[in-house]
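I have placed the structure first, in the form of C-alpha cells, so that the comments after it can refer back to it.
For the numbers below, each heavy atom of this structure counts, side chains included, while hydrogens, waters and symmetry mates do not.
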Amino acid sequence: EASLQGVTWPKNPIVYFDRHEVRPDRILLSASHLPAGVYRFSFVAEAVHAGQFQHPAARASSLFGSQVFAQTAEETVEIKP
C-alpha cells in the first residue's frame, strides 16, 4: 500500500491517482483513468475531543460529466472519553 500522512490506498498499476491533496476538512484524489469497479479508500483520524461528530458522505464523480458519480451515506461517529 502507498501512504500519505496516514492515508492509504491499494498499490495497483491500473489504478493510478495523478493528484492528491490532504486538507484539514477533506482528501481529494484525481485520476486520468479509473476503470469501472469497486474502490475502497480508508484513512486514520485522531480523536482529540469526546463527543458526537457528523461524518459527511464521500463523493466520487467525473470531472467533465455528471453521468458518472457515486456517494456514500453520512454517518455519526461517537468518541467517548
Side-chain angles (χ1 to χ4, degrees):
E1 288 191 340
S3 179
L4 173 70
Q5 299 175 356
V7 177
T8 61
W9 58 87
K11 208 180 230 186
N12 183 334
I14 297 171
V15 181
Y16 178 71
F17 292 100
D18 304 314
R19 185 168 176 248
H20 49 268
E21 289 182 40
V22 177
R23 297 182 181 180
D25 63 335
R26 72 188 87 185
I27 298 169
L28 304 169
L29 300 172
S30 66
S32 56
H33 176 71
L34 196 61
V38 175
Y39 296 88
R40 181 169 292 154
F41 180 78
S42 64
F43 61 94
V44 176
E46 181 180 4
V48 182
H49 301 285
Q52 286 192 345
F53 302 92
Q54 194 67 24
H55 180 284
R59 292 182 298 239
S61 64
S62 172
L63 186 61
F64 298 110
S66 59
Q67 325 70 317
V68 180
F69 66 93
Q71 181 170 322
T72 66
E74 292 184 356
E75 293 184 44
T76 300
V77 177
E78 183 176 1
I79 307 299
K80 296 181 180 181

**Fill in**
Heavy-atom nearest pair, Glu74 first then Ala57, reads CG-N, 3.6 Å
**Message:** Side-chain heavy atoms under 4.5 Å apart, restricted to Ile/Leu/Val/Met/Phe/Trp/Tyr: what other residues fall into the cluster of Phe69, or is it alone?
**Reply:** none
**Prompt:** Between atom CD of Gln71 and atom CZ of Arg59, what is the distance when rounded to the nearest 0.5 Å?
**Reply:** 6.0 Å
**Results of salt bridge (charged side-chain N to carboxylate O under 4.0 Å, His left out) for Arg23 - residues two or more places apart only** = Glu21
**Message:** Show the nearest heavy-atom pair for residues Val77 and His55, with the distance to one decimal.
**Reply:** CG2-CB, 4.1 Å
